Amino acid sequence: MSANLEAKKLVVDEIKDKLSKAKSVTFVDYKGLTVAEDTAMRREFKKNGAEYKVYKNKLMLLALNELGIKSAEQYLNGTTAVAFSYDDEVSGAKIACESATKTKKLTVKFGLLNGNFVESKEIEELAKLPSKEVLIAKLLGTLNGPASALARVLNAPTQGLAIALNAIATK
């Protein structure tokens, strides 16, 4: 086998490995993006536990087909970059959609969510979800609400007694 073919097989294996590990994958068209915009976006991805890479469309298509994902063929043309989100499902999609809004040059093509093909509209909806930390804080607030209310109700009679005794003491 030629060295070039072996190198391509290694790249396809690398792509398959990353696709398998990622919780979500966002495919974008980056045509017209400047180096500065691309660098800033890459930093943002890295800071949020995601990875932004550019692969050849043919190699990406081979990896997707080997993983049984067939719907991507029509989208893999032109300039394509991939955002692999490893920590959570939302961060990669959120950064890609924020960059698309900010630069007006980036467009979301499609994505994968837990190994399943999703359209660009679904990726944009995913990006609108709050971060994991915000969701946990909301859940804790909801769980803490009834306990706080119970504590206030149980504290009310003793507080009322203290107010009454204080009023008598000041007379």
Side-chain angles (χ1 to χ4, degrees), residues 1-140:
M1 266 190 238
S2 73
N4 191 24
L5 185 60
E6 279 300 315
K8 287 180 181 180
K9 283 184 179 183
L10 288 174
V11 172
V12 169
D13 289 340
E14 175 188 329
I15 295 169
K16 286 186 344 188
D17 183 52
K18 289 180 184 208
L19 289 170
S20 299
K21 288 180 183 175
K23 292 185 178 181
S24 73
V25 182
T26 305
F27 293 80
V28 295
D29 184 345
Y30 63 93
K31 186 181 244 173
L33 210 60
T34 66
V35 173
E37 292 167 335
D38 185 64
T39 304
M41 193 172 56
R42 284 179 192 271
R43 270 193 216 110
E44 194 66 28
F45 278 118
K46 191 172 187 173
K47 187 170 76 173
N48 288 290
E51 183 180 8
Y52 178 79
K53 297 279 285 184
V54 176
Y55 291 106
K56 291 187 178 205
N57 288 332
K58 292 248 186 222
L59 298 179
M60 182 60 70
L61 188 60
L62 278 171
L64 289 169
N65 285 338
E66 287 182 21
L67 291 173
I69 301 165
K70 305 288 183 191
S71 307
E73 192 170 314
Q74 64 185 354
Y75 298 102
L76 288 175
N77 50 42
T79 56
T80 306
V82 189
F84 301 97
S85 186
Y86 299 113
D87 291 345
D88 63 18
E89 289 82 358
V90 179
S91 62
K94 187 179 287 284
I95 295 166
C97 290
E98 286 173 358
S99 297
T101 304
K102 193 177 357 174
T103 64
K104 306 278 191 253
K105 298 173 187 171
L106 199 72
T107 54
V108 176
K109 290 184 170 188
F110 70 99
L112 300 175
L113 184 58
N114 295 320
N116 298 315
F117 179 86
V118 291
E119 296 284 336
S120 63
K121 288 177 257 163
E122 295 170 90
I123 291 292
E124 290 164 4
E125 289 298 316
L126 179 66
K128 292 176 185 173
L129 288 175
S131 68
K132 186 176 184 178
E133 292 79 18
V134 171
L135 290 173
I136 290 172
K138 285 183 178 183
L139 175 64
L140 290 176

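All of these numbers come straight from a predicted model, not from anything done at the bench.
In this structure, CD1 on Ile69 lies 10.0 Å from CE on Met60, to the nearest 0.5 angstrom. To the nearest 0.5 Å, atom CG of residue Leu5 and atom CG of residue Leu10 are 10.0 Å apart. One distance of note links CG of Leu106 with CD of Glu37; it measures 9.0 Å at 0.5 Å rounding. Taken to the nearest 0.5 Å, the CD atom of Glu125 stands 10.5 Å off from the OG atom of Ser120. Atom CD of Glu89 sits about 12.5 Å away from atom CG of Leu112, to the nearest 0.5 Å.
No donor-acceptor pair under 3.5 Å is formed between the side chain of Glu66 and the backbone N or O of Ala63. Side chain of Asp29 to backbone of Lys109: no donor-acceptor contact under 3.5 angstrom is found. Put simply, the side chain of Asp88 never gets that close to the backbone of Ser85: no donor and acceptor are under 3.5 Å apart.
Asn48 meets the side-chain contact (heavy atoms from CB on, under 4.5 Å) test with Glu44, Ser91, Ile95; sequence neighbours excluded. Among residues two or more places apart in sequence or in another chain, the salt bridge (Lys or Arg N to Asp or Glu O under 4.0 Å) test is passed with Asp87 by none. Listed by chain and number, the residues in a side-chain hydrogen bond (donor to acceptor under 3.5 Å, both in side chains) with Lys56 amount to none (sequence neighbours excluded).
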Test side-chain contact (heavy atoms from CB on, under 4.5 Å) applied to Leu19 and Ile15, step by step: CA-CA 6 Å; Leu19 289 170; Ile15 295 169; 3.7 Å; yes

side-chain contact (heavy atoms from CB on, under 4.5 Å) between Thr79 and Leu33: does it pass, once the steps are laid out? CA-CA 11 Å; Thr79 56; Leu33 210 60; over 6 Å; no

Going through the checks in order, is the ring-ring contact (aromatic ring centres under 6.0 Å, His included) test met by Tyr75 and Phe117? CA-CA 12 Å; Tyr75 298 102; Phe117 179 86; 5.8 Å; yes

Test salt bridge (Lys or Arg N to Asp or Glu O under 4.0 Å) on Lys121 and Glu124 and set out the steps. CA-CA 5 Å; Lys121 288 177 257 163; Glu124 290 164 4; over 6 Å; no

Report the C-alpha distance between Ile136 and Leu140 in whole Å, list the side-chain angles of each, state the deciding distance to 0.1 Å, and finish with yes or no for side-chain contact (heavy atoms from CB on, under 4.5 Å). CA-CA 6 Å; Ile136 290 172; Leu140 290 176; 4.0 Å; yes

Check step by step if side-chain contact (heavy atoms from CB on, under 4.5 Å) holds for Lys9 and Val12. CA-CA 5 Å; Lys9 283 184 179 183; Val12 169; 5.6 Å; no

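Nearest heavy atoms, Val90 versus Leu126: CG1-O, 3.6 Å. Minimum interatomic distance between Leu59 and Lys8 (heavy atoms only, all atoms of both residues): CD2-CB, 3.9 Å. When all heavy atoms of Lys53 and Lys18 are compared, the closest pair comes out as CE-NZ, 3.8 Å. In this structure, Phe45 and Ala96 approach most closely via the heavy-atom pair CZ-N, 4.0 Å. Considering all non-hydrogen atoms of both residues, Thr80 and Asn77 come closest at OG1-O, 3.7 Å. In terms of heavy-atom proximity, Val25 sits nearest to Ile123 at O-CD1, 4.3 Å.
The pair Arg42-Asp38 meets the salt-bridge criterion, with a side-chain N (NZ, NE, NH1 or NH2) lying under 4.0 Å from an Asp/Glu carboxylate O.
A heavy-atom distance below 4.5 Å is found between the side chains of Val35 and Thr39.
Summarising the local packing, CD of Glu14 is surrounded by more than 12 heavy atoms from other residues, nucleotides or ligands at distances under 6.0 Å. The 12-atom threshold is exceeded at NZ of Lys70, counting heavy atoms of other residues, nucleotides or ligands nearer than 6.0 Å.
With respect to Tyr86, the side-chain hydrogen bond (donor to acceptor under 3.5 Å, both in side chains) criterion is satisfied by exactly one of Lys23, Lys21, Glu51: Glu51.
Between Phe110 and Phe27, the angle of the ring planes stays under 30°, which puts this pair in the parallel group of the 30/60° scheme.
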